[in-house]
Amino acid sequence: MPSHPTLRHRADADRLLRGLARPPEKAAPWLLGKLLVRRGGRHPVAARIVETEAYLGEGDPAAHVFRGRTPRNAPLFGPPGTVYVYFVYGMHHCLNIAVDREGVPGCVLIRAAEVLGGADGRDTLIGRGPGRLCRVLGLDTRLSGRHLFDPDSPLTLQDGPRPRAVGVAPRVGITKAAERLLRFFDEDSPAVSRR
DNA sequence: GCGACGATACTA
DNA sequence: AGTATCGTCGCT
């Protein structure tokens, strides 16, 4: 077992990468409970993921890559753990994580997370909805294309407490393939979109 | 170069 | 239902 901190972090990243290196419909529920850690500000901010959606790649009419690769969606073709952030409706950013294998553009949209406030964890802020989550974590398109486990990454992933129960529902806000149950959420979280 | 539209979220 | 608000992409 590695005892040096750097080696241990490396081992943690490898384990998380194995979770991400699977098809979106597997990786999306697996991501529930994991912690997004935002660095770059005065203090790191951690947010516990409580709601995700799977986007299946070129065969999924609701996916950004449905009509093929473009400069914007290119990060989705990167290795698992690559960050894809896009801008919608002239005001919101949405965070995605590329999953599966490099060259296979499946991804997971992070729809909600509980931002852990003070050291005591008492004042829990919620980022309900992908737009608000990005606003609360200060994420924008400058992060798109970066990788969660790069040494100096401003956004990383850590292990966290798994949910007691996982709910399944249709994806939010799409018109195509709207019936598919590809949205996953922590049933106990108040931060989940209410729809 | 142009225009339609979107993986949003709030208010009424 | 209405709306704020703009980057992206397909098409001309």
Side-chain angles (χ1 to χ4, degrees), chain A residues 20 22-34 36 38 45 47-100 103-115 124-148 155 157 166-187 189-195:
Chain A
L20 293 173
R22 296 182 296 158
E25 61 269 39
K26 295 273 191 175
W30 173 86
L31 272 165
L32 296 174
K34 303 294 182 292
L36 286 169
R38 175 71 161 119
V45 177
R48 181 173 176 272
I49 297 171
V50 296
E51 184 179 4
T52 60
E53 284 178 0
Y55 286 85
L56 306 185
E58 280 142 327
D60 179 0
H64 277 190
V65 289
F66 183 59
R67 293 181 204 288
R69 181 173 176 151
T70 66
R72 182 180 64 156
N73 67 31
L76 295 178
F77 292 82
T82 302
V83 172
Y84 170 52
V85 178
Y86 66 91
F87 185 63
V88 267
Y89 297 118
M91 58 179 70
H92 295 295
H93 293 276
C94 295
L95 169 67
N96 298 257
I97 297 172
V99 299
D100 213 319
V104 180
C107 72
V108 175
L109 169 69
I110 311 300
R111 274 200 64 85
E114 296 172 1
V115 180
T124 295
L125 195 61
I126 56 181
R128 178 190 285 151
R132 298 172 114 201
L133 173 64
C134 284
R135 188 164 56 96
V136 112
L137 288 183
L139 309 177
D140 60 37
T141 54
R142 288 174 293 182
L143 263 86
S144 204
R146 310 233 11 203
H147 195 279
L148 289 176
L155 186 69
L157 193 68
V166 173
V168 185
R171 294 177 290 185
V172 170
I174 55 173
T175 55
K176 293 163 268 185
E179 74 291 347
R180 300 205 58 175
L181 302 178
L182 291 172
R183 176 173 149 230
F184 306 91
F185 56 93
D186 179 342
E187 291 203 345
S189 173
V192 171
S193 313
R194 37 196 177 185
R195 255 199 261 199

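Each chain gets a letter, A, B and so on, in the order its sequence line appears, and its residues count up from 1.
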How does DNA chain C look in dot-bracket form if you count Watson-Crick and G-U pairs under 3.5 Å, write [ ] for pairs that cross, and put | where a base pairs with another strand? ||||.||||||.
Both A:Leu133 and A:Thr175 contact DNA chain B. Taking the nearest nucleotide for each, which residue is further toward the 5' end?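 Its nearest nucleotide being more 5', the pick is A:Thr175.
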With sequence neighbours excluded, tell me which residues meet side-chain contact (heavy atoms from CB on, under 4.5 Å) with A:Pro105.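 Per chain and number, A:Pro105 pairs via side-chain contact (heavy atoms from CB on, under 4.5 Å) with A:Glu58, A:Val65, A:Leu76, A:Phe77.
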How would you list, by chain and number, every residue that makes a side-chain contact (heavy atoms from CB on, under 4.5 Å) with A:Arg22, sequence neighbours excluded?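 Partners of A:Arg22 by the side-chain contact (heavy atoms from CB on, under 4.5 Å) criterion, ordered by chain and then number, come out as A:Lys26, A:Trp30.
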At under 4.0 Å between heavy atoms, how does the protein contact nucleotides 2-7 of chain C? Give one character per nucleotide, 5' to 3', with B, S or -. --BBBS
With A:Arg48, which residues qualify under side chain to side chain donor-acceptor pair (under 3.5 Å), at least two apart?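 For A:Arg48, the residues satisfying side chain to side chain donor-acceptor pair (under 3.5 Å) (neighbours in sequence not counted) are A:Asp186.
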Can you name the residues that form a side chain to side chain donor-acceptor pair (under 3.5 Å) with A:Thr141, not counting sequence neighbours?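 Partners of A:Thr141 by the side chain to side chain donor-acceptor pair (under 3.5 Å) criterion come out as none, since no residue qualifies.
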Quick one: list whatever passes salt bridge (Lys or Arg N to Asp or Glu O under 4.0 Å) with [X], sequence neighbours left out.
{"X": "A:Glu53", "result": "A:Arg111"}
{"X": "A:Arg146", "result": "A:Asp152"}
{"X": "A:Arg171", "result": "A:Asp60"}

Is there a residue in residues 49-63 of chain A whose heavy atoms reach under 4.0 Å of DNA chain C, and which residues are they?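 The stretch gives none, as no residue of it lies under 4.0 Å from the strand.
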By a strict heavy-atom criterion of less than 4.0 Å, which residues belonging to residues 73-83 of chain A are in contact with DNA chain C?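 Those residues: none at all.
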Gap in Å between the two P atoms, one belonging to B:dC10 and one to C:dG7, rounded: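 After rounding to an integer number of Å, I get 22 Å for this pair.
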May I ask you to say what A:Leu109 touches in the nucleic acid, namely base, sugar-phosphate or nothing, with a heavy-atom cut-off under 4.0 Å?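 Base contact.
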Rounded distance (Å) that lies between atom P of B:dC5 and atom OH of A:Tyr86: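 In whole Å, B:dC5 P and A:Tyr86 OH are 18 Å from each other.
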Taking distance alone, no hydrogens or angles, what donor-acceptor pairs closer than 3.5 Å link side-chain atoms of residues 83-100 of chain A to residues at least two apart or in another chain?
residue	atom	partner	partner atom	Å
A:Tyr84	OH	A:His64	ND1	2.7
A:Asn96	ND2	A:Tyr84	O	3.3

